[in-house]
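Here, residue 1 is the first one in the sequence, and each next residue gets the next number. When reading the values below, keep in mind they use all heavy atoms of this one structure, side chains included, and skip hydrogens, waters and symmetry mates.
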Amino acid sequence: QVRLVESGGGLVQAGGSLRLSCAVFAPTFSRYAVGWFRQAPGKEREFVATISWSGGITYYADSVKGRSTISRDNIKSTVYLQMNSLKPEDTAVYYCATGTPNPRYTDAEYKYWGPGTQVTVSS
């Protein structure tokens with residue numbers, strides 16, 4: 001089975017930074033891409049960033065491009081999302097997901113999801 005656990009969320013002021021972590025528990029030889037998504041109350045879940053298994057391919061949503069960095073450490077089986085210059089509109093529950101061999105924008109492509117971590121950005 002595959003399990004993911006997010007951490008690192010919290011309350012930050014606008015302009016601040018946050019580093020989210022996603023611990024991935026999967027079969028030893030899995031070669032999955034990992035994606036970050038977020039969802040605010042009353043809104044649909046939206047894509048944030050994704051990374052290939054090797055880390056060589058990354059994609060970002062326009063809303064976070066230039067101020068966010070996704071990376072992974074396969075020895076630790078952990079994926080990170082560094083977010084800088086945070087804005088109030090970044091407030092949401094952030095989820096990591098995996099189970100697809102290639103980086104994808106669409107949440108339907110991912111089979112496994114973590115429970116999420118809350119990020120709140122105050123103005």
Side-chain angles (χ1 to χ4, degrees):
Q1 193 65 276
V2 176
R3 184 168 66 93
L4 305 96
V5 181
E6 303 94 340
S7 62
L11 175 64
V12 297
Q13 295 182 355
S17 298
L18 207 59
R19 188 198 195 198
L20 305 183
S21 298
C22 173
V24 182
F25 303 91
T28 304
F29 299 105
S30 297
R31 298 290 186 270
Y32 292 142
V34 172
W36 283 97
F37 296 80
R38 65 188 183 186
Q39 186 170 27
K43 295 185 177 181
E44 295 183 0
R45 187 158 55 194
E46 65 176 352
F47 168 77
V48 177
T50 186
I51 187 170
S52 63
W53 178 85
S54 68
I57 303 174
T58 59
Y59 298 107
Y60 299 91
D62 289 340
S63 59
V64 303
K65 190 177 300 181
R67 59 189 182 94
S68 298
T69 302
I70 187 171
S71 62
R72 68 188 303 168
D73 183 339
N74 287 342
I75 301 300
K76 296 181 178 180
S77 298
T78 302
V79 176
Y80 306 97
L81 181 66
Q82 176 70 42
M83 302 186 68
N84 304 317
S85 301
L86 285 164
K87 307 173 182 179
E89 49 263 45
D90 292 320
T91 296
V93 176
Y94 283 70
Y95 301 90
C96 63
T98 191
T100 178
N102 302 306
R104 305 296 290 269
Y105 298 118
T106 306
D107 55 7
E109 300 294 335
Y110 296 84
K111 296 181 179 179
Y112 311 106
W113 294 79
T117 185
Q118 177 71 48
V119 171
T120 302
V121 184
S122 62
S123 60

If you measure from [atom1] on [X] to [atom2] on [Y], what distance do you get to the nearest 0.5 Å?
{"X": "Glu89", "Y": "Ser63", "atom1": "CD", "atom2": "OG", "answer": "9.0 Å"}
{"X": "Leu81", "Y": "Arg38", "atom1": "CG", "atom2": "CZ", "answer": "9.5 Å"}
{"X": "Leu86", "Y": "Ser123", "atom1": "CG", "atom2": "OG", "answer": "13.0 Å"}
{"X": "Arg31", "Y": "Asn74", "atom1": "CZ", "atom2": "CG", "answer": "8.0 Å"}
{"X": "Thr50", "Y": "Glu109", "atom1": "OG1", "atom2": "CD", "answer": "11.0 Å"}
{"X": "Glu6", "Y": "Cys96", "atom1": "CD", "atom2": "SG", "answer": "4.0 Å"}

Tell me yes or no: between the side chains of [X] and [Y], is some donor less than 3.5 Å from an acceptor?
{"X": "Asn102", "Y": "Arg104", "value": "no"}
{"X": "Tyr112", "Y": "Thr100", "value": "no"}
{"X": "Asn84", "Y": "Ser17", "value": "yes"}

Cluster check [X], [Y]: I/L/V/M/F/W/Y, side chain < 4.5 angstrom:
{"X": "Val119", "Y": "Tyr95", "answer": "no"}
{"X": "Ile51", "Y": "Tyr60", "answer": "yes"}
{"X": "Leu4", "Y": "Trp53", "answer": "no"}
{"X": "Val5", "Y": "Val79", "answer": "no"}

Can you check whether [X] reaches [Y] side chain to side chain, under 4.5 Å on heavy atoms?
{"X": "Thr78", "Y": "Val24", "answer": "no"}
{"X": "Gln118", "Y": "Thr91", "answer": "yes"}
{"X": "Trp36", "Y": "Cys22", "answer": "yes"}
{"X": "Pro27", "Y": "Val2", "answer": "yes"}

Shortest non-hydrogen contact between [X] and [Y], atoms and distance:
{"X": "Ser52", "Y": "Gly56", "value": "OG-N, 3.3 Å"}
{"X": "Arg72", "Y": "Val34", "value": "NH2-CG2, 3.9 Å"}
{"X": "Ala33", "Y": "Thr98", "value": "O-OG1, 2.8 Å"}

Quick check on the 6.0 Å ring-centre criterion: do Tyr105 and Phe47 meet it?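 Between Phe47 and Tyr105, which both carry aromatic rings, the centre distance is below 6.0 Å.
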Six-ring centre of Trp113, Arg45 cation under 6.0 angstrom, axis tolerance 45°: yes
Taking the cut-offs as 6.0 angstrom to the six-membered ring centre and 45 degrees off its axis, would you call Arg19 and Tyr80 a cation-pi pair? yes
Apply ring-ring contact (aromatic ring centres under 6.0 Å, His included) to residues Tyr110 and Phe37 and explain how you reach the verdict. CA-CA 11 Å; Tyr110 296 84; Phe37 296 80; 5.3 Å; yes
Could you tell me whether Asp62 and Lys65 have a side-chain N and a carboxylate O separated by less than 4.0 Å?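 Answer for the salt bridge query: yes.
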Would you indicate whether Tyr59, at its atom OH, is surrounded by more than 12 heavy atoms from other residues, nucleotides or ligands within a distance under 6.0 Å? no
Is a side-chain donor or acceptor of Thr106 paired with a backbone partner of Ala108 at a separation under 3.5 angstrom?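 No, the answer is negative, given that no donor and acceptor are paired below the 3.5 Å cut-off.
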